[in-house]
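Basis for what follows: all heavy atoms, side chains included, without hydrogens, waters or symmetry-related copies. Per chain, numbering begins at 1; letters A, B, ... match sequence-line order.
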Number of protein chains: 2
Amino acid sequence: MTPHLARRTADIQPFHVMELLRRARELEAQGRDIIHMEVGEPDFPTPQPMIDAATRFLTSGDVHYTAALGLPQLREAIARFYHDRFGADVAPERIIVTPGASGALMLALAATTDPGDEWLLPDPGYPSNRHIVRSFEGVARALPVNADTRFQPTPAQVGGAWTPRTRGLIVATPSNPTGTLLDAAELAALRAAVLARGGTLIVDEIYQGLTYGVDSSTVLRSMDDVFVVNSFSKYFGMTGWRLGWLVAPSAYVREIEKLAQHFFISPSTPAQHAALAAFAPSTIDILEARRNEFATRRDTLLPALRQQGFIVAAEPQGAFYIYADISQLAADSEQFAQRLIEEVGVAATPGLDFGDNQPRRHLRIAYTNRQERLLEAVERLARLRA
Amino acid sequence: MTPHLARRTADIQPFHVMELLRRARELEAQGRDIIHMEVGEPDFPTPQPMIDAATRFLTSGDVHYTAALGLPQLREAIARFYHDRFGADVAPERIIVTPGASGALMLALAATTDPGDEWLLPDPGYPSNRHIVRSFEGVARALPVNADTRFQPTPAQVGGAWTPRTRGLIVATPSNPTGTLLDAAELAALRAAVLARGGTLIVDEIYQGLTYGVDSSTVLRSMDDVFVVNSFSKYFGMTGWRLGWLVAPSAYVREIEKLAQHFFISPSTPAQHAALAAFAPSTIDILEARRNEFATRRDTLLPALRQQGFIVAAEPQGAFYIYADISQLAADSEQFAQRLIEEVGVAATPGLDFGDNQPRRHLRIAYTNRQERLLEAVERLARLRA
Ligand SMILES: Cc1ncc(COP(=O)(O)O)c(C=O)c1O
Ligand SMILES: Cc1ncc(COP(=O)(O)O)c(C=O)c1O
């Protein structure tokens, strides 16, 4: 049977790292020890107060659909969190609870993208964005970014790439794969560049809370005319629950509600009940301790990698990634990643997964592993070079 | 701020019943008793063995992403269920675990639908299908169906509506809102009509297991070249968990995996662990007792409604809905539904939510409420007419 595939499928790339992971699992099955530094999620469990909240909720067994926009009390809790933690006033009515930041991106893009509309996306960047744009028949245009601008796009770049078909810009701060931030002034300048051209700005704040040496913030402190994507996945340690949120400009909420009804019916009910405990002081204490742990890991790993010949010109200040230039070590990051697995049992993600901008020169190394394992990995890297 | 909305949003209808529900909640807040017969989900809690499985899993706290296609052991469990319960051989590799049947429909349609491609959909039918088609820039073409064919489309109708742009047909058995089934011969004839024209058949079996007086089955017993959508929502009582699955023809699986990675990353991990207990004999015992309860409710409600002047020409044999012609009682089902709420405190769903085919003549009445409440509702209906 020849499948009758939609044309979009030809443009959708898989997560390439999955192939590497399959190989890693094979080696593990043979008894080899693999240090995982390719994983894009915290290695910590979901904090106990959230587990407890979910478990308490489950004793009733009443796990029914909720409103499509999410439980009102959760939307209010998120609004309070914006206020108390970041000093941002966000009306709960603008907060749409979604199946992860993934669901938030689906809704924001479906609501705004006509066929042929172009979205500007920094490259390297989180790959799903461009594939979701493509899925709704939009066109993803890469803005190549490099260490000179800390892998973030500039207003000049936005202006240069803008066409009559450009719909807007998507940025992430902190960014995946580079861990770099946009500060308030940079965000204001990008917003101005986009809005002056009649476009829309989407800011992905999914790694909010995971910053080191600088405070986390939100564009919502000063802007109510942009979309903000967020999630319980990363800072809150809830990846597997599939829960995030979208903050939309008010005028979009009703339209997005309709899409949410049909795409998702409603976000996961147990996850929403778990998330009600996400902002409790006891949870935040746990999360802040983890943030310190991530900071320590970064502070250990970054100089150690540099010593091994990895070039990291733009200091990562957030998320849990180091995007390293490997040109002093190898010609092709994909082959290098294969060697790392086969020869010394270290898994990392080749640049290929993040776009077309010098992917073979870069490797994403995640510090989502215990400190001692990271140190062991560095030793193994040294062995590779010896 | 004028929102810059994608054109598709103008074609997406909300669930109209939500307005009615808001009014119902207002009345309830004023102390009025409302009998809910508009609800499209079982009134039963998730069976205890599944709650227990989820709770056990949660004690570890390790709620991480799973593979995009779902936990291998869950895909195998679903395959075994097809074999043991329905005598259908389905390779686990073809089973894609999704965020509800909703997620399964998103994937199947995104993988197969180019802009302008037409899908044939029975009207009345589940509304999200046509909105998901529209979202991926396909065109939903209604096949008006009525009681003469038990609200199911015929091969002749499919042939008559087919154009060079037609991509395929989506049917549901049992159907929402009508509760009617397609038998094996009818399904074979529909498949033949669709495949002969180079099209694709999607069969929504989400109400599988919820049939009364006839055994449940699956098209997968005899067909491996159609898409089958299913879910843990209805028979298994797991709506709020957001878990379903898609069975795809083998040649599509790899392409759908890519889409699943970007749309969803992975389905809910706690939900998948709960679902591992879905096929245990202790769970099935509970579910079969519920099925008996639904059968009793239908057997009580159907004659009682008929006595009240509701016309139900096509006997519903599945799901938990009665799609009643109200033309002997009122001229407009929407106004009638409003009167029902305001005057006697009964909530039901006007035909409007299910399409354009005589919606004002029909009301969907769900027996997702206790037997005594259903009887009380019938008394109230009698009062309305008195
Ligand atoms: C930048 C970015 N945005 C969005 C997501 C989606 O995450 P989720 O759907 O788990 O919230 C990810 C996940 O890795 C990410 O790195
Ligand atoms: C016919 C039909 N298909 C699909 C769905 C989607 O259900 P879920 O996403 O909860 O599996 C529903 C929900 O009511 C339905 O009635």
Side-chain angles (χ1 to χ4, degrees), chain A residues 1-9 12-15 41 45-46 48 51 54-55 58 60-66 99-100 102 106 110-115 127-128 131-132 135-137 200 225 238-242 249 251-252 255 257-259 261-271, chain B residues 1-9 12-15 41 45-46 48 51 54-55 58 60-66 99-100 102 106 110-115 127-128 131-132 135-137 200 225 238-242 249 251-252 255 257-259 261-271:
Chain A
M1 178 189 181
T2 320
H4 187 135
L5 290 163
R7 284 187 296 270
R8 67 173 63 82
T9 58
I12 309 268
Q13 300 299 310
F15 283 121
E41 60 181 324
T46 301
Q48 198 59 42
I51 297 287
T55 306
L58 287 180
S60 76
D62 286 327
V63 192
H64 296 289
Y65 296 129
T66 70
S102 308
M106 297 274 291
T112 56
T113 310
D114 275 318
S128 298
H131 295 119
I132 297 175
S135 293
F136 292 113
E137 296 299 324
T200 297
D225 47 13
M238 289 185 70
T239 46
W241 297 85
R242 311 312 301 120
Y252 288 90
E255 295 301 317
E257 179 178 18
K258 294 189 306 184
L259 291 169
Q261 289 176 338
H262 300 298
F263 288 6
F264 310 128
I265 301 186
S266 58
S268 160
T269 306
Chain B
M1 177 193 183
T2 321
H4 187 133
L5 291 163
R7 284 187 296 272
R8 67 172 65 82
T9 59
I12 310 269
Q13 301 297 312
F15 283 120
E41 59 181 324
T46 301
Q48 198 58 42
I51 297 287
T55 306
L58 287 179
S60 77
D62 286 328
V63 192
H64 295 289
Y65 296 128
T66 69
S102 307
M106 297 275 289
T112 56
T113 310
D114 275 318
S128 299
H131 294 120
I132 297 174
S135 293
F136 292 112
E137 296 298 325
T200 296
D225 48 12
M238 289 186 70
T239 47
W241 297 84
R242 313 309 302 121
Y252 287 90
E255 295 302 318
E257 178 177 19
K258 294 189 307 183
L259 292 168
Q261 288 175 338
H262 301 298
F263 289 5
F264 310 127
I265 301 186
S266 58
S268 161
T269 306

- Query: Which is it for B:L5 and A:T112 under the side-chain contact (heavy atoms from CB on, under 4.5 Å) test, yes or no, and what are the steps along the way?
  - Reply: CA-CA 5 Å; B:L5 291 163; A:T112 56; 5.8 Å; no

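Under the 3.5 Å distance criterion, the side-chain polar atoms of A:T113 are left unmatched by any main-chain donor or acceptor of A:A110.
Applying the ring-ring contact (aromatic ring centres under 6.0 Å, His included) test to A:F15 and every residue at least two apart in sequence or in another chain returns B:H262. Annotation: ring-ring contact (aromatic ring centres under 6.0 Å, His included) contacts of B:F264 (sequence neighbours excluded): none.
Residue contact with chain A, scored on non-hydrogen atoms closer than 4.5 Å, involves the side chain of B:E255 exclusively. In this structure, no portion of B:P99 lies under 4.5 Å from any heavy atom of chain A. Neither the backbone nor the side chain of B:T66 comes within less than 4.5 Å of any heavy atom in chain A.
The choice from A:Y252, A:Y65, A:W241 that makes the most heavy-atom pairs within less than 4.5 Å of chain B is A:Y65. Between chain A and the residues B:T9, B:D225, B:D62, B:D114, the largest count of heavy-atom pairs under 4.5 Å involves B:D114. For chain B, the option among A:T55, A:T2, A:I12, A:T46 with the highest count of heavy-atom pairs below 4.5 Å is A:I12. Put simply, of A:E137, A:Q13, A:R7, the one with the most heavy-atom pairs under 4.5 Å next to chain B is A:R7. Options A:R8, A:M238, A:K258, A:H4 differ in how many heavy-atom pairs under 4.5 Å they form with chain B, and the most are formed by A:H4. In terms of heavy-atom pairs under 4.5 angstrom with chain B, the leader among A:Q48, A:H131, A:E257 is A:H131.
Side-chain contact check for A:V63 versus B:T239: every heavy-atom pair is 4.5 Å or farther apart. Contact annotation: the side chain of A:S135 never approaches that of A:M106 to less than 4.5 Å [non-hydrogen atoms, C-beta and beyond]. Taking 4.5 Å as the limit, every side-chain heavy atom of B:T269 sits out of range of all side-chain heavy atoms of A:R242.
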